[in-house]
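Notes follow once the structure below has been shown.
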Amino acid sequence: MSFGHIKQNVERILEEIPDDVELVAAAKTRTHEEIREAIEGGVKIIGENYVQEAMGAFAAIGRAAKWHFIGHLQKNKAKKAVEVFDIIETVSSADLAEEIDRRSRAAGKVMPVLIEINSGREPQKFGVFPEQAFELVEVIAGFSNVKLAGLMTMGPFSGDPEDARPYFVETRKIFEKIKAKGLPGVEMRYLSMGMTNSYMVAIEEGANIIRVGTKIFGERG
Ligand SMILES: *Cc1c(COP(=O)(O)O)cnc(C)c1O
């Protein structure tokens, strides 16, 4: 898909999804011009997988969009991540949560985070297994400068979006259970699930954030 279609791609997706679902443009490897075109099309949130790449994009684009971190965050990048990102979607350990808390306090911020659930229990993927989620919820609830705002999951990749449904259903159940606990300082607002091939299924199963790369920008080179 050539440069020049990005704006229309975004417009088409925004027409298709309900108003209360937020579209994150997953921008790994894309140029600043491509990201700008997505914003022109109506994208309000940019998703970045790498802090270094995000710093460059952020320097060019700034607060014309919100920034979500959707990759694997290394502790030694937490300080920079706290400067740029509005939400960190991929917290999967107490250690990382503690480091984000410490860096956010130093920056005078409260950082909303999502816990990443490894719903497919895939050894090569990050995220906590479903049964480990509550332990991490309680840890995060104890911090003052990091605030739990929901869950994120990838699910195993498959060509068939229906294959993703059970993983989305399970993540939604965990989301509802955490929400029902009504823990102080925890506000379960966001359920981030679904990518190019699975976002409609994700929305059917309760996602209110979808992360789309290929369908906006074209195949990655
Ligand atoms: C790249 C990426 C996406 C988007 O994937 P596409 O299939 O290109 O839409 C979503 N979430 C994460 C975490 C990603 O790294």
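Indexing begins at 1, ligand by ligand and atom by atom, following the structure's order. Scope of the values below: all heavy atoms of this structure, side chains included, with no hydrogens, waters or symmetry mates.
- Residue Met154 approaches ligand 1 through these ligand atoms, each under 4.0 Å from one of its heavy atoms: 12 (C), 13 (C).
- Assignment of Lys215 to the shell around ligand 1 is not supported, since no heavy atom sits closer than 4.0 Å.
- With a 4.5 Å cut-off on side-chain heavy atoms, Val128 and Ile117 count as touching.
- Side chains of Tyr199 and Lys215: a donor on one and an acceptor on the other come within 3.5 Å.
- Taking a cut-off of under 4.0 Å to the non-hydrogen atoms of Thr214, the atoms of ligand 1 that pass are 6 (P), 7 (O), 8 (O), 9 (O).
- Within ligand 1, the atoms closer than 4.0 Å to a non-hydrogen atom of Asn49 are 14 (C), 15 (O), numbered from 1 in the order shown.
- Distance from atom 2 (C) of ligand 1 to its nearest protein heavy atom, with residue and atom name: Lys28 NZ, 2.5 Å.
- The protein atom (non-hydrogen) at minimum distance from atom 11 (N) of ligand 1 is Arg211 NE, 2.9 Å.
- Under the 4.5 Å side-chain heavy-atom criterion for ILVMFWY residues, no single connected hydrophobic cluster contains both Phe58 and Ile70.
- For Glu89 and Ser192, the side-chain atoms include at least one donor-acceptor pair closer than 3.5 Å.
- Between Glu98 and Arg102 there is no salt bridge, since none of the side-chain N atoms of the basic residue sits less than 4.0 Å from a carboxylate O of the acidic one.
- From the protein, the heavy atom lying nearest to atom 5 (O) of ligand 1 is Met195 CE, 3.7 Å.
- When only interatomic distances are considered, the shortest N/O to N/O separation between Gly213 and ligand 1 falls below 3.5 Å.
- Atom 9 (O) of ligand 1 has its closest protein heavy atom at Thr196 OG1, 2.4 Å.
- Using a 4.0 Å cut-off to heavy atoms of Val212, the atoms of ligand 1 that qualify are 9 (O).
- Residue Ile13 holds its CD1 atom at 5.5 Å from CG of Leu23, rounded to the nearest 0.5 Å.
- By the criterion of a heavy-atom distance under 4.0 Å, neither the backbone nor the side chain of Thr90 is placed next to ligand 1.
- Using a non-hydrogen distance threshold of 4.0 Å, Arg220 registers as a contact of ligand 1.
- For the pair Lys109 (side chain) and Val82 (backbone), a donor-acceptor distance under 3.5 Å is present.
- In summary, the side chains of Asp163 and Ser158 do present a donor paired with an acceptor at a separation below 3.5 Å, with no hydrogens or angles considered.
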